[in-house]
Amino acid sequence: VNDEELKKIFAECNPKAANVAVRRNGKSKGFGFVEFNNKEDQEKALKLDNQKVGGRDIIVKASTGYRGE
């Protein structure tokens, strides 16, 4: 999954940005980050936890990190 594909997965949740974490060699680390415009969109995205995407279960969690602009 690349950044654009990740953003499409969460399209119904109106993502502001989506980034897949990558290794130095350019291969995915198997996780990514999606930023949302508001709490409601974030809560909608959290409901996608344990859904299948591309034949694999995804885990969706809220970040406890930086939330500022």
Side-chain angles (χ1 to χ4, degrees):
V1 173
N2 62 33
D3 294 349
E4 281 304 310
E5 292 169 335
L6 182 60
K7 198 169 186 178
K8 286 178 186 176
I9 291 168
F10 290 92
E12 293 179 14
C13 308
N14 304 312
K16 184 176 183 179
N19 299 96
V20 174
V22 293
R23 300 177 194 285
R24 290 182 187 174
N25 65 7
K27 290 189 177 190
S28 170
K29 289 185 176 183
F31 65 93
F33 300 93
V34 182
E35 184 178 352
F36 299 96
N37 293 300
N38 56 56
K39 183 85 171 162
E40 292 78 23
D41 289 339
Q42 178 191 18
E43 289 172 358
K44 204 183 308 180
L46 289 170
K47 292 178 183 176
L48 296 176
D49 188 37
N50 292 316
Q51 298 295 311
K52 288 230 185 264
V53 174
R56 301 178 98 176
D57 290 332
I58 62 169
I59 299 170
V60 181
K61 295 182 182 181
S63 171
T64 57
Y66 178 73
R67 294 175 191 252
E69 292 290 319

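Fair warning: this is a prediction, and the values are worked out from it, not measured in the lab.
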(message) Can you tell me how far apart CD1 (I9) and CD1 (I58) are? Round to the nearest 0.5 Å.
(response) 6.0 Å
(message) Please find the pair of heavy atoms, one from L6 and one from G32, that lie closest to each other, and give the distance.
(response) CD2-CA, 4.2 Å
(request) Flag yes if V20 and V53 sit in one hydrophobic cluster, no otherwise; membership is Ile, Leu, Val, Met, Phe, Trp, Tyr, and two members link when side-chain heavy atoms are under 4.5 Å apart. (result) yes
(request) Evaluate the side-chain proximity of Q42 to K39: yes if any heavy-atom separation is below 4.5 Å, no if none is. (result) yes
(message) Nearest 0.5 Å, please: how far is CD in E43 from CG in N38?
(response) 9.0 Å
(request) Compare every heavy atom of K29 with every heavy atom of R23, then report the nearest pair and how far apart it is. (result) CG-CG, 3.8 Å
(request) Determine whether D49 and I59 make a side-chain contact, defined as any pair of heavy atoms from C-beta on separated by less than 4.5 Å. (result) yes
(message) If I take atom CG from residue D3 and atom CG from residue N19, how far apart are they, to the nearest 0.5 angstrom?
(response) 5.0 Å
(message) Could you report the tightest heavy-atom contact between F36 and A45, atom names first, then the distance?
(response) CZ-CB, 3.3 Å
(message) Tell me the closest heavy-atom pair linking A62 and L46, and the distance in Å.
(response) N-CD2, 3.6 Å
